[in-house]
4 protein chains.
Amino acid sequence: MSTARTGVLPTRRRGRDRVAAILDAAAAVFAERGFDAATMTEIASAACTAIGSLYRFFPNKDLLADAVFSRYADSMLDTLDVLVLQAPLLGPEALAEALVASGLQQRPYRDAAVALADERNEGPLLRKALRASIRDKVGLILAAATGLPATQAARMAPMVLQAMKAAPVLLREGLDPEAVVAEARRMIACYVAGSMQPACTAAGR
Amino acid sequence: MSTARTGVLPTRRRGRDRVAAILDAAAAVFAERGFDAATMTEIASAACTAIGSLYRFFPNKDLLADAVFSRYADSMLDTLDVLVLQAPLLGPEALAEALVASGLQQRPYRDAAVALADERNEGPLLRKALRASIRDKVGLILAAATGLPATQAARMAPMVLQAMKAAPVLLREGLDPEAVVAEARRMIACYVAGSMQPACTAAGR
Amino acid sequence: MSTARTGVLPTRRRGRDRVAAILDAAAAVFAERGFDAATMTEIASAACTAIGSLYRFFPNKDLLADAVFSRYADSMLDTLDVLVLQAPLLGPEALAEALVASGLQQRPYRDAAVALADERNEGPLLRKALRASIRDKVGLILAAATGLPATQAARMAPMVLQAMKAAPVLLREGLDPEAVVAEARRMIACYVAGSMQPACTAAGR
Amino acid sequence: MSTARTGVLPTRRRGRDRVAAILDAAAAVFAERGFDAATMTEIASAACTAIGSLYRFFPNKDLLADAVFSRYADSMLDTLDVLVLQAPLLGPEALAEALVASGLQQRPYRDAAVALADERNEGPLLRKALRASIRDKVGLILAAATGLPATQAARMAPMVLQAMKAAPVLLREGLDPEAVVAEARRMIACYVAGSMQPACTAAGR
DNA sequence: AATGAATGAGTCTTCATTCAT
DNA sequence: GATGAATGAAGACTCATTCAT
């Protein structure tokens, strides 16, 4: 949907396959090298495509990165949409588990998304907008789950997101997957739980 | 100590000033643009030095980045060394405050360190080793503070470090400084506190 | 006549329309951007045709440019053919008016022709031959109009052509159309008239 | 003076020589191929320089073209400045001779200037401004020489310039140099002379 | 030691042209 | 016949790094 918002939209089957292959390859290369160090040539050859074909569908590197990122972000937003509704019923542990899980979806893409999220690029990139959307939605979820006022939930959202991002980052570094996931859940769960008890909330100050 | 480990060591006063100016400039540029987008030329001109002089002291970009990173990491390690001793006496809140503070030191350098930490470079870079040292030391602190076994503390350390890093990251994005710092502290405090209560620890599984 | 000298000749009505649309589009794009900056893709889409169809009729860019140029040149040659006959009866002013007018025909094509005429391409392009034909014909006209020997008229022809080309060039730059046309006529008229008076002719030397 | 207005100004002898070599090479290549078809790589190798050195002094192709063009235009403007003063004393033939001569200076550069003058580029290029300056100055000269009002002289200037440009253009095409120069002079002389006689002036309408 | 010029591999991107459907 | 996807050779430009002065 938010894929390939510029560039030619493939009309034939062949083109659609190619676009999918390119996105997969781009995700892998961005994940491996980061935005700047990734080269369009490497992505093209990883997708078994000529460089020209790459540019047919994605007119430049930024838009390609946007497409990769939004593939991940879109699915995450869908997951979070569901969580918004479930949140009131979830305890801190279950909520934390769901949040961490949502950040671990889409294996090749999540690592790319993490790499792309740190970009220092400026300009009206889709990535920025999507990041903001995700942050907002996490805020909604926190508000629904904790019963805290929206402003307080919005203050917490960035930190929760960082903790969610920590899981893929640390997995990528080769740490023990079980431990990483467990600790990420625990950190978020404790944070959320703590936010619901006046005592621990006060600790912030 | 780990400053300028390769390249000519400046012997005269003039040389030492020059190195300091270069490091400051490099920190600012790396923080502003990230590793890849930073150019040696911009760093040189920000340091009011000729590009040739830059290379005299830092034979390549990676080593320069290492030097910048280690200036930050060294001071953080010093701070953490002190914390190792104080940890047994600190409650979760005080500990969290100290940890977050340690990650906010050295204004121009901390942002550079954050930018450089995300580099996907490989090879035997000093940065990696320093990151590992910091991680280990945070593990020691956590063990000392919580009384937990070293292995459990080591599992927690990476997440705590991610939370510590979150503060400078979010500050750089322009979020409200007070809120960011408060929430970072709270997250760590809750996590540490939760780790000391059997109940919440269980939540991890 | 010299249209589409290579490539498939369209036999059906549909094909002929398509060729006409392509030529019009090509003229517009060449006029707007010049030969090098014009792209086959833009021309195709301006003609509402697929790039593949464009190449069916015009096997490469140079030949397409030749076709566009010759459409203009052919009509100019026709006009000049008439002038050859009328020339003996025309005074300098009337002759100048007719010459300038002949260069202002075919609005979209004349600008394209001007743009294409300046191309520094080499090789046996049709454009070169046509330019030579036009030059020769203008020489004939001048000889007929002035009564000068053919060699002298041939010396003058290139300059007269340049003056004729000046009108579309200056119009394209946005100068006042009336003034441009009037001065172009005057320049040619004066030149022709001067060539018929021994006195002014001598000035050349 | 107007050379290399951006890019590094060479401070050492070596750099100054290099800049001169680059300009010469660029003039030759632009003259040979035109702006678009000229490649920076070819210019660099014609100047016996690495591509990087080319970009050190001329940060992009447009600026390089500007520098080449202005080298020609500056000297032409100087020549025309003198002509402004002499014009009242000059008859049409002498004036025409001087004007044509001014357009034939600086052999490698004049051909480049002719090629660059036809560019369809937009944007605030120096070339455009210089062209306008030259046009204005020719207007001044014509006014001074003919005694006509400035507005009328300004109408004539573009045509005179086109005629001046015709000489290098036609020489480049390999026509007989003597004939070309003689006819260019005659055309301008007749035009100027004609503009001073009410009769021929009327012919414009 | 310092300076800044020189180098050239490598990057993104474009576009004429070909080909499979 | 038409369509649009595929191709890859260039081209403009950057920048880490080396070297002569």
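Residue numbers begin at 1 in each chain, while the letters A, B, ... track the order of the sequences.
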Atom-to-atom span, CZ of Phe57(A) to C1' of dT13(E) - whole angstrom
17 Å
Separation of Arg56(A) atom CZ from dC12(E) atom C1', in whole Å?
19 Å
Closer than 4.0 Å, any side-chain N/O of Arg18(A) to the OP1 or OP2 of dA5(F)?
no
Side chain to side chain contact (heavy atoms under 4.5 Å, CB included) with Ala113(B): which residues, sequence neighbours excluded?
Phe69(B), Tyr72(B)
Leu54(D) CG to dG8(E) P, in whole Å, measures 14 Å
Every stem of 3 or more Watson-Crick or G-U pairs under 3.5 Å that DNA chain E joins, in order of first number, is E:2-21 with F:2-21
Salt bridge (Lys or Arg N to Asp or Glu O under 4.0 Å) partners of Arg127(A), counting only residues at least two apart
Asp62(A), Asp66(A)
Measure from CZ on Phe58(A) to P on dT14(E) and round the result to the nearest Å.
15 Å
From the list Ile43(C), Val68(C), Asp24(C), side chain to side chain contact (heavy atoms under 4.5 Å, CB included) partner of Val29(C) resolves to Ile43(C)
Listed by chain and number, what are the side chain to side chain contact (heavy atoms under 4.5 Å, CB included) partners of Ala44(C), not counting sequence neighbours?
Ile51(C), Leu54(C)
Residues two or more places apart in sequence or in another chain: which of them pass side chain to side chain contact (heavy atoms under 4.5 Å, CB included) with Lys61(A)?
Phe30(A), Phe35(A), Met40(A)
Contacts of Arg131(C) that satisfy side chain to side chain donor-acceptor pair (under 3.5 Å) - sequence neighbours left out
none
Contacts of type side chain to side chain contact (heavy atoms under 4.5 Å, CB included), residue Arg120(D), not counting sequence neighbours:
Ala115(C), Arg172(C)
Give the B/S/- string for nucleotides 13-18 of chain F, one per nucleotide from 5' to 3', where a protein heavy atom under 4.0 Å of the base yields B, of only the sugar-phosphate yields S, and otherwise -.
BBBSBB
Sequence neighbours excluded, every pair satisfying side-chain hydrogen bond (donor to acceptor under 3.5 Å, both in side chains) that has a member inside residues 36-46 of chain B
Arg33(B)-Glu42(B)
